[in-house]
Number of protein chains: 2
Amino acid sequence: MTQKPFHHGNLRAVLLDEATMVLRESGVDGLSLRDLARRAGVSHGAPRSHFVDRQSLLDALAELGFDRLTVAVRTALGGAGDLSARFGRVARAYVDFAIDDAALMELMFQAKATGRPGRIEEAAGALFSTLDGALGARSAEGDDESRDVFKMLFAATMQGIAALVASGRIERAQGDRLVDAAMETMLGSALGMRAVTSS
Amino acid sequence: MTQKPFHHGNLRAVLLDEATMVLRESGVDGLSLRDLARRAGVSHGAPRSHFVDRQSLLDALAELGFDRLTVAVRTALGGAGDLSARFGRVARAYVDFAIDDAALMELMFQAKATGRPGRIEEAAGALFSTLDGALGARSAEGDDESRDVFKMLFAATMQGIAALVASGRIERAQGDRLVDAAMETMLGSALGMRAVTSS
DNA sequence: CCTATTTTCTAGACACCGCCTAGATTGAGC
DNA sequence: GCTCAATCTAGGCGGTGTCTAGAAAATAGG
């Protein structure tokens with residue numbers, strides 16, 4: 001058996017992995033640099049070489065979270081199907097992610113609140129532009145402002161539903177039904193508007 | 001000048017007051033029992049007579065938060081005006097509260113997530129039944145399920161908008177516009193697109 | 001190949017925190 | 001007035017994040 005080498009080699013990745021797991025089952029409060037170091041089998045000061053701060057570790061986690069969410073949304077968007085079907089998939093993917101990784105989601109959003117510009121903004125931007133493109137395909141005719149409003153309203157509603165489910169206020173199945181209802185009213189009103197104006 | 005009395009007298013209230021302020025400007029992480037004790041001019045162990053836990057203090061804060069939100073919603077609901085006007089006021093009051101006391105709001109909802117039954121549930125229930133009554137007055141005609149869906153969708157959307165604003169992703173003014181748009185689409189689709197066609 | 005430099009990790013220290021305990025002080029009820 | 005429960009003090013324990021000095025290993029340059 002090999003002696004534990006002085007250099008771990010890929011501590012950073014291991015720490016992030018471990019942190020992701022801890023985050024899932026213990027929340028942000030259960031995350032401690034010292035504990036992560038212990039799990040990785042290094043001294044308590046080792047993580048400092050990769051993350052100056054505890055916040056720095058949290059930021060990195062948030063960034064990875066945005067990447068993952070972006071991928072999820074993109075694949076949900078990519079498949080074939082009706083327009084509302086694709087939107088429904090996106091919505092569900094979004095909500096699912098927010099529920100399964102509630103603590104991560106929290107991190108991702110409060111990260112922007114603290115306002116540190118950085119790679120997080122970039123990752124978040126990627127997600128938003130993805131969403132933007134999808135919505136742009138929908139209402140090529142609508143004016144820019146109403147498109148923006150629709151986009152934000154979409155995001156807000158998904159976020160809200162996810163929050164309700166994640167906080168245990170409503171069941172997951174109900175959450176799905178809510179997603180459907182939301183899509184219906186939003187798309188319905190939007191499409192209705194178009195029909196009215198075009199007639 | 002009077003000597004500092006051994007018995008503070010109303011430590012509990014002072015601690016809660018101080019905690020509310022700290023919560024507003026430093027978030028949950030900035031809340032420490034020892035710091036609160038220092039601010040109140042008592043020893044670091046004193047708060048323990050009133051709050052066994054740190055969590056216990058947080059729970060008390062959440063409960064007060066629900067009370068305040070309920071009052072805000074109730075007064076917004078009480079005034080005169082059009083049906084959609086009153087709804088708009090409620091929505092705005094809800095969002096305003098969630099923005100001004102974002103950390104408190106977070107506490108209130110994660111408190112339910114941890115699932116401890118107690119007075120928080122009670123306070124939260126009061127808020128919800130208030131909202132319920134208001135929504136019940138609206139759609140006396142709709143079936144129960146659609147009413148429930150509408151209620152939850154309403155709450156979710158408000159929550160989501162508040163989260164977007166609180167996280168600094170969108171401006172407050174945009175948040176207000178979002179609230180209007182949300183009310184429009186939701187009431188519109190529910191009431192037969194009256195609002196939509198009028199825009 | 002050998003040396004200089006940079007990165008990575010160890011180890012110890014400091015201040016802070018939540019929580020626990022023993023004991024002093026006070027106010028209230030008998 | 002005396003007892004008793006509530007309140008507050010003071011000290012200690014283990015845990016944490018952060019800082020520092022220095023050892024160890026990878027990397028680069030001659």
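Values in this document were obtained by computation on a predicted structure and should not be read as measured data. Letters A, B, ... mirror the listed sequences (proteins, then strands); counts begin at 1.
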Residue closer to the 5' end of DNA chain D, A:L31 versus B:L11 (nearest nucleotide): B:L11
Earlier contact from the 5' end, DNA chain D, for B:G45 and A:S32: B:G45
Minimum-distance nucleotide (side-chain atoms of A:A46 versus D:dC8, C:dC17, C:dT10): C:dT10
Closest to side chain of A:R54, choosing from D:dG17, C:dT8, C:dA11: D:dG17
Round to a whole Å and report the spacing from [atom1] of [X] to [atom2] of [N].
X: B:D53; N: C:dC20; atom1: CG; atom2: C1'; answer: 12 Å
X: A:L33; N: D:dG15; atom1: CG; atom2: P; answer: 16 Å
X: A:R38; N: D:dG17; atom1: CZ; atom2: C1'; answer: 12 Å
X: B:N10; N: D:dT7; atom1: CG; atom2: P; answer: 12 Å
X: A:L57; N: D:dT18; atom1: CG; atom2: P; answer: 10 Å
X: A:D35; N: D:dG15; atom1: CG; atom2: P; answer: 11 Å
X: A:F51; N: C:dC9; atom1: CZ; atom2: C1'; answer: 15 Å
X: B:L58; N: C:dC17; atom1: CG; atom2: C1'; answer: 14 Å

A:L131/A:V90 under side chain to side chain contact (heavy atoms under 4.5 Å, CB included): CA gap, chis, key distance, verdict: CA-CA 9 Å; A:L131 235 49; A:V90 170; 4.2 Å; yes
Salt bridge flag under 4.0 Å for residues B:R92 and B:D180: yes
Under-4.0 Å salt bridge between A:D100 and A:R24: no
Indicate, with a heavy-atom threshold strictly under 4.0 Å, whether [X] touches base, sugar-phosphate, or nothing.
X: B:R34; answer: base
X: A:S49; answer: base
X: A:H44; answer: base
X: B:R12; answer: nothing

Distance, nearest 0.5 Å, that separates CZ of B:R172 from CG of B:L178: 13.5 Å
Atom pair CE (A:M152) and CG (B:L164), whose distance is rounded to the nearest 0.5 Å: 8.5 Å
Below 4.0 Å: OP1/OP2 of D:dA6 and any side-chain N or O of B:R48: no
